[in-house]
Amino acid sequence: MRFGATTTGKTFRGERVALRRIPALLALAALGGAVTVFAEQEEPAGAQHRGEAVSVFRDIVVGPQEVRQGDVVCIGCSVRVEGRVAGDIVVIMGSLELEGVARHDVVCVLSEVRLGPGARIAHDFVNVLGRLDDAGAEVGGDRVHIPGFFWFPSARGALGMLGTLLAWRRLIGLSLTFVLLLIVVAFVPERIEAMSEAVPVRWPMAFLVGFVAYLTLFFFYSILLASLVGIPVALFVHGLLFPVFLALGMAGLFHHLGRRLGRAFGRELSLLAAVLLGFLPFALLLLLPWLVGGLSGLLLGLAFGLIFALCIKVPAFGLLLLTRAGGKRPPVPPLSPAVSAGEERS
């Protein structure tokens, strides 16, 4: 199986069938979610229920003696099944705890899944970009598990969904920043050195210019997005040009910080090593709250992201503008009269 998926079974037919059912089941969730999102379901034990159970941000429980004849669809909530579900079980950005029997497919996307030792799935089991705890469940069809590799711990339901999405966004953003730093270091090293020299001289002014530039850029995007012609222009500027130029400005800041750290330990680092050393502490601080998890991790992650934007992104953008992308070096301070007289006598 490609992309790290693990499968059991003789063919991949069941996998394709299960994955093709996701759009239809999502449509079912969209139609039924408005009705069930705030609905309280008080169901007697041992009852049989016909029709679908569709819920958005509302947990679903199928008790030990209950039988659900239709599908169970959950978006951003938790599903616990101790009885039987005759239809499909679909969980999107939530959690599933299966102790009973699923007589058809079980499909989970960006969710935390626990399969108990007595759980049984008659057909296929598909878990995409989520966490799986399998205590020995019986699966009659294909078993497909594509791990998420990065999960937001200690959170379920809506909080887990939001934390997971933000954590993945942070990880992908830092990875792209790392790649862009490598690119600008390879192509314009002299401009990075010029901006690095200007950091101690122009830091306060760089913050002010960067803050005003960010506000101006926001209004510029607003004007472009107001027209159909301007939308592709805004996407091109924000998706390609702006990240490259911002990475160039951040490379100047990271080079200055990394070089000072290296000299504090008695090492004179190369350009690339200094940039990466300056970037590493901020990358670790931005990722650490998401590894902690819970509500505190979510709040700390948002706070650290705001601090990083104010302390690095805003002055980096201002530094880029003040130095004309590294094309203008800071002025050399004049020598003192005593030093000049000493040079003339020598």
Side-chain angles (χ1 to χ4, degrees), residues 152 162-163 165-185 191-222 224-225 234 237-261 264 274-326 328 330:
F152 188 62
L162 178 61
L165 291 178
L166 291 177
W168 271 99
R169 179 182 179 275
R170 179 69 70 201
L171 181 63
I172 293 173
L174 289 174
S175 301
L176 292 177
T177 301
F178 176 77
V179 173
L180 290 176
L181 289 175
L182 294 180
I183 293 175
V184 296
V185 167
R191 291 181 176 267
I192 295 175
E193 291 179 347
M195 287 188 293
S196 177
E197 294 174 2
V199 170
V201 180
R202 297 194 168 185
W203 175 270
M205 182 59 67
F207 179 84
L208 180 60
V209 172
F211 186 78
V212 175
Y214 260 95
L215 293 179
T216 305
L217 196 63
F218 173 77
F219 288 110
F220 174 71
Y221 285 149
S222 302
L224 290 178
L225 294 175
V237 173
H238 186 71
L240 183 61
L241 292 183
F242 180 71
V244 173
F245 282 104
L246 183 60
L248 179 58
M250 288 193 296
L253 282 178
F254 291 145
H255 177 261
H256 176 76
L257 296 175
R259 185 176 57 180
R260 295 193 62 176
L261 286 175
V275 171
L276 295 183
L277 181 59
F279 171 66
L280 181 61
F282 293 99
L284 294 177
L285 284 176
L286 289 174
L287 285 177
L288 182 61
W290 306 107
L291 299 177
V292 173
L295 180 60
S296 59
L298 177 62
L299 296 177
L300 281 176
L302 296 175
F304 283 4
L306 179 61
I307 294 173
F308 178 76
L310 293 176
C311 296
I312 298 297
K313 289 186 175 181
V314 170
F317 196 27
L319 185 68
L320 182 81
L321 298 176
L322 288 175
T323 62
R324 300 174 187 174
K328 181 182 178 182

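When all heavy atoms of Ala309 and Pro315 are compared, the closest pair comes out as O-CD, 4.4 Å. The heavy-atom pair separating Leu287 from Arg170 by the smallest distance is CD2-CG, 4.1 Å. The two residues Gly249 and Leu319 make their nearest non-hydrogen contact at O-CD2, 4.4 Å. Closest approach of His255 to Ala274, counting heavy atoms only: CD2-CB, 3.6 Å. Residues Phe279 and Leu174 come closest through the heavy atom pair CZ-O, 3.9 Å. When every heavy atom of Phe282 is checked against every heavy atom of Ile312, the shortest pair comes out as CZ-CD1, 3.7 Å.
Once rounded to the nearest 0.5 Å, the distance linking CG of Leu208 with CG of Leu322 reads 9.0 Å. Rounding to the nearest 0.5 Å places CZ of Arg259 at 12.5 Å from CG of Leu277. Separating the CG atom in Leu225 from the NE2 atom in His238 is a distance of 10.0 Å, to the nearest 0.5 Å. Between Leu176 atom CG and Leu181 atom CG the span is 11.0 Å, to the nearest 0.5 Å. With rounding to the nearest 0.5 angstrom, the CZ atom of Arg202 is 12.0 Å from the CD atom of Glu197. With rounding to the nearest 0.5 Å, the separation of CZ in Phe207 from CH2 in Trp203 is 9.0 Å.
Without hydrogens or angle criteria, Arg191 side chain to Ala325 main chain gives a donor-acceptor distance under 3.5 Å. Here the side chain of Thr216 pairs a donor or acceptor atom with the backbone of Val212 at under 3.5 angstrom.
With a 6.0 Å radius and a threshold of 12 heavy atoms from other residues, nucleotides or ligands, Tyr221 has its OH atom above the threshold. Phe178 CZ: 12 or fewer foreign heavy atoms inside a 6.0 Å radius.
Put simply, the side chain of Leu180 reaches to within 4.5 Å of the side chain of Pro243, judged on heavy atoms. Within the 4.5 Å cutoff, side-chain heavy atoms of Ile183 are placed close to those of Val179. Considering only heavy atoms from C-beta on, Leu253 comes within 4.5 Å of Val199 through its side chain.
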Go through Ile192 and Phe254 one step at a time and tell me if the side-chain contact (heavy atoms from CB on, under 4.5 Å) criterion holds.
-> CA-CA 9 Å; Ile192 295 175; Phe254 291 145; over 6 Å; no
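Between Phe317 and Phe242, the ring planes are perpendicular. Angles over 60° get that label, and only those under 30° would be called parallel.
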